[in-house]
2 protein chains.
Amino acid sequence: MAQASVETKVHSAMARFTSAEARAARALLGDYPTLGLAPVAEFATRSRTSAATVLRFVAQLGYASYPDFQRRLREELSERIKTPLEKTPASTSKRCGAFLPRFTAKLVENLNDTVMRVPQAEFEAVCALIADRRRNLHVVGGRFTDSVAAYLAAHLRIVRPGVRKLEERPASRADQQLDIGARDTVVMFDIRRYDPDLERFAAAARKRRATVVLLTDIWISPVARHARHVLPCAIETGSTWDSSAVLFAMCEAMIARATEADWNAAKSRIESAEGVSPTSGDAKSKKRLSARSRGRS
Amino acid sequence: MAQASVETKVHSAMARFTSAEARAARALLGDYPTLGLAPVAEFATRSRTSAATVLRFVAQLGYASYPDFQRRLREELSERIKTPLEKTPASTSKRCGAFLPRFTAKLVENLNDTVMRVPQAEFEAVCALIADRRRNLHVVGGRFTDSVAAYLAAHLRIVRPGVRKLEERPASRADQQLDIGARDTVVMFDIRRYDPDLERFAAAARKRRATVVLLTDIWISPVARHARHVLPCAIETGSTWDSSAVLFAMCEAMIARATEADWNAAKSRIESAEGVSPTSGDAKSKKRLSARSRGRS
DNA sequence: TCTTGGCTGAAATTCTCGTTTCAGGATTGA
DNA sequence: TCAATCCTGAAACGAGAATTTCAGCCAAGA
């Protein structure tokens, strides 16, 4: 590698840093590359360390001096600014690039496809349903979408009461469907290959007068027959696997929308949940695993 | 006027400049703002003037001193970097559009950010590790990333043997870490606010000579201290919640890559798994895991 | 041509900034 | 628990930065 970017170096050296150095590293990444272009004293203040620590941090990265480090930052900056338009990795590397950019480009395409496909009114209607606290909410996933369902349920549970994630195994779903009542909402996930069991489940839910929302692929799962709202997502990747990333993204959008829709109510719930959760953005490491080898020549 | 940008000031003062000053101005505009962040001497050389001229140029712009001028440049840079504005079909409606397109545009931005940040070699190294069947694989998620971890584990389990997803509760994780052996791989997820428990877990894993891979946000979880490989992901959405979508996408990319890397081996597994329920692979892998962990230290 | 006024950059000066040192404090291993 | 080791930041130090000075230079007008 001719020129590893400073940022890359920081990432790969992260493990070697002591806790004060890591604080400097994080501060730099948080305001990159600007903070590194400031004088040492300012860097130190803003990362709540000392000048000496910043110098050690820079040395650890392999630069001969602070000015040397800054020169590198400026060089990078020039390069980056020079090509502001062609920088989209999606466009540059679609045909022949590395795996990750290529794959990502496909996902972006899927996202755009999906956004075009889903009518705004439909999306808003679904969000409103999901945010409605008077309705209990049941979330059901298929074989490959179970974790996505879990993610949706986990977040909505923080925002509002009455959220339940149904178990994955079809056998236990049969029992659980007894809990579904009229005026409840059921969010289902089903992408190919479609699960016949889910269709039965959806039929039963509708019979109980629940409102069914379906997230599926663009070929539309048979569950749609029983659903009030359908959100079709693009899932193709060109590889062995279909992608659930768009379903996941859709869920995040729904969560965000539902939270924002009823902010005051959600806020207090979120805050009380925060209190329980572990806090420590800046946990100091209690361990020194090994002596660092410093001082090369 | 609140704060005229430096560039604007240069333009409007252009008439007042003497010829040497104008040379300095043109040089700055030609490599903006980088050249201004360099020391006076370098600015002078690269604009073929003298240090004194550069100082006069800066004074002419109305700045009290050269450092003062630089501070302004840095402030601008911070602001500007914050909105890199990649142009994507979805992002046309970023400002005022409907919720879903706006949200999606943000995710696309995050994806692009992340792809730029992650070195190709790092990604490939991680995929190779994950695909390596000689190593058992343990997957651990944090509070908000548990479902993402589950998704990764569920798919990898189809591709290869020896995959285990650890439970969410820290208490049970403590027991489970006993199964981690030397030459195992541990994939961890930790985004802010970071879970101090996960750092302890990572430290323990490393002590057992396992190789730790971390998926985190761009501010880098303290877990990184113990990790061999770190994949930093952009997670900001501008809303209440951080987004795990990029983590999810990264997982899909890893899954796709790992599958493709060892296609023949994966193929037969996938085919035989098609008919079988997803839970049945689990018993087998548990056996492998405990057998393995007794052997080495 | 000579003079004047002002621009320019080399060199001197000043002082800020980067660097090093060291002692106190924290952590680890015995 | 105690010693050994390592991390950390305050302060001293020295290098190199910004700034100022000034003599030379050029252009324009007499």
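Letters go in sequence order (proteins before strands), and every chain restarts at 1.
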> Should B:S19 be listed as having a side-chain N or O under 4.0 Å from OP1 or OP2 of C:dT8?
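Checking C:dT8 against B:S19, a side-chain N or O does come within under 4.0 Å of OP1 or OP2.
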> Compute both the distance and the angle, then confirm whether B:K9 meets the cation-pi test with B:Y63: under 6.0 Å from the six-membered ring centre, within 45 degrees of the axis.
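Pair B:K9/B:Y63 counts as cation-pi.
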> Quick one: are the ring centres of B:F144 and A:H155 less than 6.0 Å apart?
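Judged by ring-centre distance (under 6.0 Å), B:F144 and A:H155 do meet the cut-off.
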> Hey, what's the ring geometry for A:Y66 with A:F69, parallel, tilted or perpendicular (30° and 60° as the breaks)?
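Plane angle between 30° and 60°, so tilted.
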> Are B:F201 and B:H226 close enough, and set up right, to give a ring-ring contact (aromatic ring centres under 6.0 Å, His included), and what steps lead you there?
CA-CA 10 Å; B:F201 185 89; B:H226 312 290; over 10 Å; no
> OP1 or OP2 of C:dT8 less than 4.0 angstrom from a side-chain nitrogen or oxygen of B:T18, does that happen here?
yes
> To the nearest Å, give me how far apart CD (B:E21) and C1' (C:dG6) are.
12 Å
> Are the side chain of B:R209 and the backbone of B:R183 linked by a donor-acceptor contact shorter than 3.5 Å?
no
> Between C:dG9 atom C1' and B:F43 atom CZ, what is the distance in whole Å?
16 Å
> What is the distance from CZ of A:F57 to C1' of D:dG9, rounded to the nearest Å?
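It is 17 Å, rounded to the nearest whole Å.
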> How many whole angstroms separate atom CZ of A:F17 from atom C1' of D:dT8?
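The distance from CZ of A:F17 to C1' of D:dT8 comes to 16 Å, rounded to the nearest Å.
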> Mind checking whether B:F248 and B:Y151 have parallel, tilted or perpendicular rings, split at 30° and 60°?
tilted
> Nearest-Å distance, CG (B:D68) to P (C:dC17)?
12 Å
> Output the rounded distance in Å from CG (A:L37) to C1' (C:dG18).
16 Å
> Whole-Å distance between C:dT16 P and B:R71 CZ?
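Checked: the CZ to P distance equals 13 Å.
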> Atom pairs under 3.5 Å, N or O on each side, protein against nucleotides 17-23 of chain D: can you list them with distances?
unit_1	atom_1	unit_2	atom_2	d
D:dA18	OP1	B:V40	N	3.1
D:dA18	OP2	B:V40	N	2.9
D:dT19	OP1	B:Y66	N	3.2
D:dT19	OP2	B:Y66	N	3.1

> Is the phosphate of C:dT8 approached by B:T53 (side-chain N or O, under 4.0 Å from OP1 or OP2)?
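Looking at the OP1 and OP2 atoms of C:dT8, neither is under 4.0 Å from any side-chain N or O of B:T53.
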